[in-house]
Amino acid sequence: MKSIAENNLTLIDELLTEQRTLTAVERFSQHHDRNGHSEKIYSALMPARSPNLGEQYAFQVDLDACSGCKACVAGCHSLNGLEENETWREVGLLHGVAEEKPFQQTVTTACHHCVDPGCLNGCPVKAYDKDPVTGIVRHLDDQCIGCQYCVMKCPYEVPKYSEKLGIVRKCDMCVSRLAVGEAPACVQSCPNGAIAITLVNQAEIRTQFQNGEAQKNFLADSPNPKITQPTTRYLSKRALKGMVFAADHNAPRLDNPHWPLVVMLVFTQAAAGMFLAATIVPTTPVLLLAAFMLLNIGLLAAPLHLGQPLKAWRAFLGWRTSWLSREIIAFNQFAPLAAAATTLAWLPFLTQKFPKLGELLQKISAWLPPLEKLQLPLTLGAAVVGLGCIFVSGMVYVDTKRAIWSPRYSFGNFFGTTLLLGATFAAATFAALGKINFAQPFAIAALVVRTALFIWRRMELRAALKNSASPIHLNARAIRELLPRTTPIRTALFVASTIFGLLTITNVGGAVLIWAGAATLATLLSEIIARYVFFRAGAGKKMPGGIAA
Amino acid sequence: MKLKFSKPVLREWTGPLTEDLVLHPGKFGLGKVPAKFAPDATTTMVCGFCSTGCGLKIHLKDGEAVNLTADENYPVNLGMACPKGWEALAPLSAPDRGTTPLLRDANGKFQPTTWDDAMKLFASKFKDIMARHGNENVAFLGTGQICTEEMALLGALWKFGMGALHCDSNTRQCMATAHTAYKQSFGFDAPPFTYADFEASDVLVFVGANPCIAHPIMWQRVLQNKNSPQIIVVDPRRTETAMNATQHVALKPKSDLVLLYGIANLLIQNDWIDLEFIERNTNDFADFASFARQFTLEKVAAETNLSPEEILQFAETIHRGKAVSFWWTMGVNQGHEATRTAQAIINLALMTGNIGRPGTGANSITGQCNAMGSRLYANITSLLGGHDFQNSEHRKKISSILEIPEQKIPTAPSWAYDQIVQGIADGKIKGLWVMATNSSHSWIDRDNFNRLADKLEFLVVQDLYPTTETAQRAHLFLPAAGWGEKEGTLINSERRIGLVKKVRRAPGQALSDFNICKLVAGYWGCGEMFRKWSSPEAAFQLMKEISRSQPCDITGIADYKHLDDEGGIQWPFQKDSSLQKERRLFADGKFFHEDGKAKFLFDAPRPVAEPTDAEFPFVLLTGRGTSAQWHTNTRTEKSDVLRKLYPANAYVEINPADAARLGIAPNSKASVISRRAKVECTAFVTAGVRAGQIFIPMHYGITNKLTRSDFDPHSRQPSYKHCAVRVDAMKK
């Protein structure tokens, strides 16, 4: 006979064993096994035929039927087997006053399978395909290099990057379900039948967004549909007739900082600026070497931004439409030119060090033009191609059509950095070489550019903060409210680098190397922060979001 | 960053990353499903969040749930689910699940312990307190979130086995009012409706209910109504449901009772009532009619801030309706005169004969998945099965079915939740066992509760997560298995008994609440008394027997398999009941009072306990925020998907006029101050709330710091829907 204590211990073991035994299959599943295939028919929510030429499939959302349950987001997630934190459909809220009554409306949104998809146009490796028959914009997951440029190019922020997978993924309108006449997951999971698949005429989509009514023909308080011509149609009898805004209309937000791109942009711009400086001052092997090294820091940082760097060799594929593809191609011209110019400048040193190299050059000199005459054209070539690269880099961001990344702001910043860092680094290099008479003019140039750039940036920020109607008002508020330390730090760095610049120019205490070095460091840091802010506060207009709290 | 070599082809149309999302035909009546989660079997079980009681088809692989879809054949949801249902499995995999019992050490840190030590401590602590002070000095706070069998075992163990008395459940916070109102009016706690009534009405009246987001799948049924119905929504806020109403009656907060009496008076004065029904099937109408006479149109208009036209239109719409259904939820249940308000709705249905026919009824939409189970079987207010502790026949019946001595069944009523909390304050309650509820967050004036909880000699919390606000204060934490990790039944709003199945293994040493109760019985030394409760299904057989001859008689249900085959079964269900999928009560006009008649019940409206004044000029309204949040968010916050569907932090909805006057910019921080606390949150400036009112969702921890302890005198349900606050802009 067991004691009570023993009995209790046995009970614990029994209950733990019982708890870990799954019983649903054994007890209940047979019954369900016998159920036949009872595929639901969503005929009213699906097109009766395939698209004709010039037509495509599109989502249609009946806002009046949507009551805000958000099942579409969760249904899409489960039925498509997405990662735990991955959702292809999102919901937001429009609210305000319409027809003299308080108004609120949940808005569901996924990929708009645009007529002119930004993601597809921006992709450097052609990892997007717009199906010629269905018009569905598909993402080729195995082609993707994880550069995330499509995330910037899509005004609706549809492609989602996964750190874990190293690629982006997005809604494919459940293409494989449509292929067998099954409704997409979101259509299946809406209790109120608010989401349907319809056929739309692509030419009509283009024209409806051509006139001044573009926004009204799409959706209130959302990205300008002219950019990519989204095909989703939002229908409503009651909605959107009044003053309605997204629930997060007033909420500044932060975007991905893209650190590898920050480093890449700042250092390649510094390098281009130094090559430019090198065209002014002849016989500058150290300056060229320094420029070449900075260029390489920038170029080595770039692939760190990719989720699938080993697939990046295909980056030329998208050159017809993608500024990112063009940027990669451009830098592929800049790098060898820069290498050639630098090597040539160091040739006398190299032949001295490696006599056999000198002999070799001697032998082939008959076939070569006089090498010393090549230096200026090569340096000049590198500088020009470098400046071209900076332009293409600027276009990468301008082409996203984000309000903040306007040509003025993008080029102003990128060329500003180019001139400023080119001059500062040149000053420091000459200071290091003891050539004070060369260092001083560059320090003066840096002082001028730095001051101009500082005043311009501050005026832009202030204007955008003051004007709540400015398209970049929220970006400015993001800088002030969400990155509050960046502005004072940049001011401090500006003051410090200006003082160090003045000390360089006046060569106080004969410590010009220290002053020029300090000015360069402070300036470099300031530009890195500027580029960080460029990305972090660079969010564009997006689809209406939920209450931002 | 992934380093993987690929063959040099220009465009890779397929490969491992593409394969990851491939869909395959799901079989088992499913369409395409993700290939990586393709099931080898499926089974349907009822969802464990709200009282809608949707059928979820669980996709099983090697017996374990890998995914789920909404069941097309389940009579409740017809293939649909809300986001919580879709994500029902996610909270089970949360990293902060409790896996062993935890005991607080001298430094206040939880340390893992064994079940043996935990149970020895549990038994000795409670026995010690009861020995020193008596059986009225301990209490449990239960829940509407566990299975009926577990509630029944807990209630029986507590009162019959352990000999303790006081206990209550979080259903006090949601359904006590409906329970009391029905019991007094109909003679039994019997919600009369079936969901098909949503589709059959030509007028639907929603009072204090926002089904669009609180019960989205019920709203689905409303939208399937083919009669182009009139939808009247009585709510101070312009909610999602009010947006979809044909008449939004935006009354002054807590003037609902006056409005409903005014509507009754209009119906009576215009002779828009069903006198035949009233005479045949009800009592006390004449008294009510003369009482209602004082609620003239002018008086009601003045007190509700509505126009006389709006009120007249409301009454006329009811009059013109051929099948009028009335639906209410927490806006009614959580008021200072909630029971009478619910009964004012019942009165409207009775006097217009809108009950017992398709598309009619005075229908309380339940909150929690098993509030109905708690109301019938928790052994708290009523003896098991809706019986009466004071009735010796009832005690005899239960004692003979359970084979326990009749004197083990107490005759004294046990304290309600608020009385237990007051008992702690008075030093009477010294030991507390909290199960599957988060009182530290959800109880009204929570800071007061927490101050008191810290005074307890012994606080045991039994939950899925040791991280809840309440568990964080416990001396002993017991890890519970969750929905999907155990078997049992839930009873939904329309009285449908549905099955929960074991499709996941509970983590570590977590045990079902049923098993924990059995363990407690063993260590208490009363295990023998519960020998018949060998499994949840054995307990279900006892519950069936207990229900015999009660209005909730379910003796006709054979077993779990029967419930599974039928897609749930509504009570009552006797041997000879026809197996219609959707059944309503009172088709014969017979109610459950002894004379078979329903009662008209009413009282003069009372002012709110804390009216607004110059110092606290705003009314604070609380309620559900989104369909993706459930109560104190302990489970819903565990799903990445659900977290994307609701605002991460607390916010206050405030009218643009008030915001402008107070200098509160949209999305800026504001502070909200009541006589209890000061909290900070983001301002959402929206015309959806009227000037002078603000709204904060209940899911955030700040909300119940502000609310004031007021209770309906009949149901003792807290009044969450009205207290006075001030709002200030936050200085930068």
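Everything numeric in this text was worked out from a predicted model, so none of it was measured.
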Less than 4.5 Å to any heavy atom of chain B: does that hold for the side chain of [X], its backbone, both, or neither?
X: Ala5(A); result: neither
X: Cys144(A); result: neither
X: Leu93(A); result: side chain
X: Gln188(A); result: backbone
X: Asp172(A); result: neither
X: Glu18(A); result: both
X: Ile12(A); result: both
X: Leu317(A); result: side chain

Please classify the contact between [X] and chain A as side chain, backbone, both or neither, with a heavy-atom cut-off of under 4.5 Å.
X: Arg221(B); result: neither
X: Leu499(B); result: side chain
X: Ile217(B); result: side chain
X: Val33(B); result: backbone

Hydrogens and angles aside, do Thr686(B) and Arg238(B) bring a side-chain donor and acceptor to less than 3.5 Å of each other?
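No pair is found: no donor N or O on one side chain lies under 3.5 Å from an acceptor on the other.
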Taking only residues two or more places apart in sequence, or in another chain, which ones meet Phe245(A) in a ring-ring contact (aromatic ring centres under 6.0 Å, His included)?
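Result, ring-ring contact (aromatic ring centres under 6.0 Å, His included) vs Phe245(A): His249(A).
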With heavy-atom distances below 4.5 Å as the criterion, would you say the side chains of Thr69(B) and Leu79(A) are in contact?
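They are in side-chain contact.
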Taking every heavy-atom pair that is under 4.5 Å apart, which of Ile547(A), Leu16(A), Leu140(A), Asp248(A) has the most such pairs with chain B?
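It is Ile547(A).
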side-chain contact (heavy atoms from CB on, under 4.5 Å) partners of Arg253(A), counting only residues at least two apart
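Glu157(A), Ala539(A), Lys542(A).
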Passing candidate, side-chain hydrogen bond (donor to acceptor under 3.5 Å, both in side chains) with Thr43(B), options Lys501(B), Lys502(B), Lys57(B):
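Between Thr43(B) and the candidates, side-chain hydrogen bond (donor to acceptor under 3.5 Å, both in side chains) is satisfied uniquely by Lys501(B).
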Is Lys120(B) salt-bridged to Asp116(B), going by a charged N under 4.0 Å from an acidic O?
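A salt bridge links Lys120(B) with Asp116(B).
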